[in-house]
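What follows is one structure encoded as structure tokens, with my remarks underneath.
Here is how names work: the chains are called A, B, and so on, in the same order as the sequence lines, proteins then strands, and each is numbered from 1. Atoms considered below: every heavy atom in the structure, side chains included; atoms not considered: hydrogens, waters and symmetry mates.
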There are 2 protein chains.
Amino acid sequence: MHTDPGTSSSPSSREKILDVAEALFAAQGFAGVSLADVAARVGLGKSSLFHHFPGKVSLYAEVSERVIERIIQRLQPAFEASGPATERLDRMIEGLCDALAEHAPAARLLLRSLFEDHLFAPEDEPTLAPVEALVAKVTGLAAELLRDGIARGEFREVSVPDAVQTVIGAVVYHYASGEVGEKILGGPIFSAESVARRRREVTTFIHTALVASPAPGKA
Amino acid sequence: MHTDPGTSSSPSSREKILDVAEALFAAQGFAGVSLADVAARVGLGKSSLFHHFPGKVSLYAEVSERVIERIIQRLQPAFEASGPATERLDRMIEGLCDALAEHAPAARLLLRSLFEDHLFAPEDEPTLAPVEALVAKVTGLAAELLRDGIARGEFREVSVPDAVQTVIGAVVYHYASGEVGEKILGGPIFSAESVARRRREVTTFIHTALVASPAPGKA
DNA sequence: TTGACGACCGACCGGTCGGTCGGCATTCTA
DNA sequence: TAGAATGCCGACCGACCGGTCGGTCGTCAA
């Protein structure tokens, strides 16, 4: 009947709006983006945006949902696998790296979505609720993976919530760090070689930090 | 003669403006904050803000400078010490944790300052330049510490820029994670016990990840 | 007593914000 | 061919934005 995100309604304009809005929200934040700018870059009149989305917050929420869903899709195999926790951990981090690396705005948008809670009125909460649910889902699965690894004796006995927080920060921040990160790296963040090196480095870093036994493995 | 930031001019109002602006910028971002709101919370008329700061970007820049300078002050002893790199590393991370923990808005403001580059016009660059310089200084010192530790054989042979990025993300993100972080923790972020636990966990995490030899130390 | 000065204010400016409204094509349906 | 959606648009609205302006008030030095 109504908006069926995926194929029906207008397959072109709606997706284009989401793409443009995603890039702009990531670069300038919710308050820093004007719908007139979004519309102009898509090639539509501003009022046409309201045909596809009831308002700015809804557009922002849908953009965020799309980003997180894409990441969850990448992490699913790591969570569903049944091997040793160390391997699932590596697969999770690699999947997260890949998801963030192949879609530049994702990391910034993700971190921003954590910061910009206080910008929305209480009446907007139901609109944002699905996003919060998705975040809670993925962090819950990560915590479960860590708990399992500790129970199996594969990981040190760390505080699981703190470890989840550390992993999120260590992985996500890098792809959101922009110019500051590139100045630290001395080169681009999203080049093929940089992405590959980052994946290797951060996976080893977290692996080494969590695994109890001395030998980090065959890698 | 004119504005001497520190003690002269109006010791009260100017500091109050900076305090209020810091909290608001951290919570809502540069674009999300209105000067009218700042003025109202300080208890001044909006036009009085322009008496102390030439404009919004200058206010933002000075707030950011103050935050980063406070952090650098905390890290100084770690950088100036001359003991083993492992101890300096621990001291650096603990200092960073303390600085971020005792001043709640700091972490969010810090991360935001990385994200909100694209919000400012080229003409604002000279105003923001001191902030970038301070960030470059502290990241440079951290990189130096890591390089030294590797040269001494105390740390694994990691990619130093990546390790710096990982440390920043692992430490800073947590104190900026807000409601999401508290949902993951299952409790407050800035309570005394939470801060102490976090400090211990993240220090051990990074220490374990970087140090080649097994024993993480006495702490 | 005077006069310069810093802190402060209300009123106001041009411009931009998110959002609304009525209407114009095109296309699908019957 | 009637008619109902659908996608889109320009014009418009009230609210709010950062910033300016002219002026008031208390303080302090001469």
Side-chain angles (χ1 to χ4, degrees), chain A residues 1-21 24-25 27-63 116 118-124 127-128, chain B residues 1-21 24-25 27-63 116 118-124 127-128:
Chain A
M1 195 70 88
H2 51 97
T3 59
D4 175 22
T7 49
S8 90
S9 90
S10 66
S12 174
S13 284
R14 195 185 154 88
E15 291 297 311
K16 264 170 79 176
I17 293 172
L18 284 171
D19 288 339
V20 168
L24 281 177
F25 280 137
Q28 301 170 300
F30 178 80
V33 170
S34 77
L35 295 184
D37 194 9
V38 175
R41 287 172 196 249
V42 175
L44 289 178
K46 187 181 63 166
S47 46
S48 299
L49 299 186
F50 292 89
H51 247 282
H52 301 277
F53 305 93
K56 196 185 183 183
V57 271
S58 296
L59 175 57
Y60 182 78
E62 203 148 331
V63 164
E116 313 209 344
H118 303 276
L119 270 179
F120 304 106
E123 69 215 42
D124 295 326
T127 312
L128 280 326
Chain B
M1 196 66 90
H2 50 101
T3 57
D4 175 21
T7 48
S8 89
S9 92
S10 66
S12 175
S13 285
R14 195 185 153 88
E15 290 299 310
K16 264 171 79 177
I17 293 173
L18 284 171
D19 289 340
V20 169
L24 281 177
F25 280 138
Q28 301 170 319
F30 178 80
V33 170
S34 78
L35 296 184
D37 193 11
V38 175
R41 288 172 194 247
V42 175
L44 290 179
K46 186 180 62 162
S47 46
S48 299
L49 298 187
F50 293 89
H51 197 70
H52 299 276
F53 305 93
K56 195 184 184 185
V57 271
S58 296
L59 175 57
Y60 181 78
E62 204 148 331
V63 165
E116 313 208 345
H118 302 276
L119 269 180
F120 304 108
E123 70 216 41
D124 295 326
T127 311
L128 280 327

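Put simply, CG on B/L44 and CG on B/L35 are 12.5 Å apart, with the number rounded to the nearest 0.5 Å. Going from atom CG of A/L59 over to atom CG of A/L18 covers 6.5 Å, rounded to the nearest 0.5 Å. Atom CZ of residue A/F120 and atom OH of residue A/Y60 lie 5.0 Å apart, to the nearest 0.5 angstrom. Separating the NE2 atom in B/H51 from the CG atom in B/L49 is a distance of 11.5 Å, to the nearest 0.5 Å.
Judged as a side-chain hydrogen bond (donor to acceptor under 3.5 Å, both in side chains), the pairs with a partner in residues 40-50 of chain B (not counting sequence neighbours) are, in order, B/D37-B/R41. For residues 50-61 of chain A, no residue pair satisfies the salt bridge (Lys or Arg N to Asp or Glu O under 4.0 Å) rule, not counting sequence neighbours.
No engagement by A/G32 is indicated, since no non-hydrogen atom pair under 4.0 Å with the nucleic acid exists.
Inter-axis angle, ends of the helix from C/dT1-D/dA30 to C/dC28-D/dG3, five pairs per end, rounded to 10 degrees: 0°.
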For nucleotides 17-19 of chain C, print each protein N/O atom paired with a nucleotide N/O atom at under 3.5 Å, atom names and distance only.
residue, atom, partner, partner atom, Å
C/dC17, OP1, A/S34, OG, 3.3
C/dG18, OP1, A/V33, O, 2.9
C/dG18, OP1, A/K56, NZ, 2.8
C/dG18, OP2, A/L35, N, 2.9
C/dG18, N7, A/K46, NZ, 3.1
C/dG18, O6, A/K46, NZ, 3.3
C/dG19, OP2, A/K56, N, 2.8
C/dG19, N7, A/K46, NZ, 3.4
C/dG19, O6, A/K46, NZ, 2.7

Please tabulate the protein-to-nucleotide N/O contacts below 3.5 Å involving nucleotides 21-23 of chain C, giving atom names and distances.
none

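Looking at residues two or more places apart in sequence or on another chain, you find a side chain to side chain donor-acceptor pair (under 3.5 Å) between A/D19 and A/R66.
For B/E116 (side chain) and A/Q28 (main-chain N/O), no donor-acceptor pair under 3.5 Å exists by modelled atom type.
In this structure, the NZ atom of B/K16 is 13 Å from the C1' atom of C/dA7, given to the nearest Å. One atom, CD of B/E123, and another, P of D/dG18, lie 16 Å apart when rounded to the nearest Å.
A sub-4.0 Å separation between OP1 or OP2 of C/dG6 and a side-chain N or O of B/H52 is absent. In terms of phosphate contacts, A/S48 brings a side-chain nitrogen or oxygen within less than 4.0 Å of OP1 or OP2 of D/dC9.
Shown here for A/T127 and A/A61, the closest heavy-atom pair between the two residues is O-CB, 3.6 Å.
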Determine, stepwise, if the pair B/S13 / B/V42 fulfils side chain to side chain contact (heavy atoms under 4.5 Å, CB included). CA-CA 8 Å; B/S13 285; B/V42 175; 5.7 Å; no

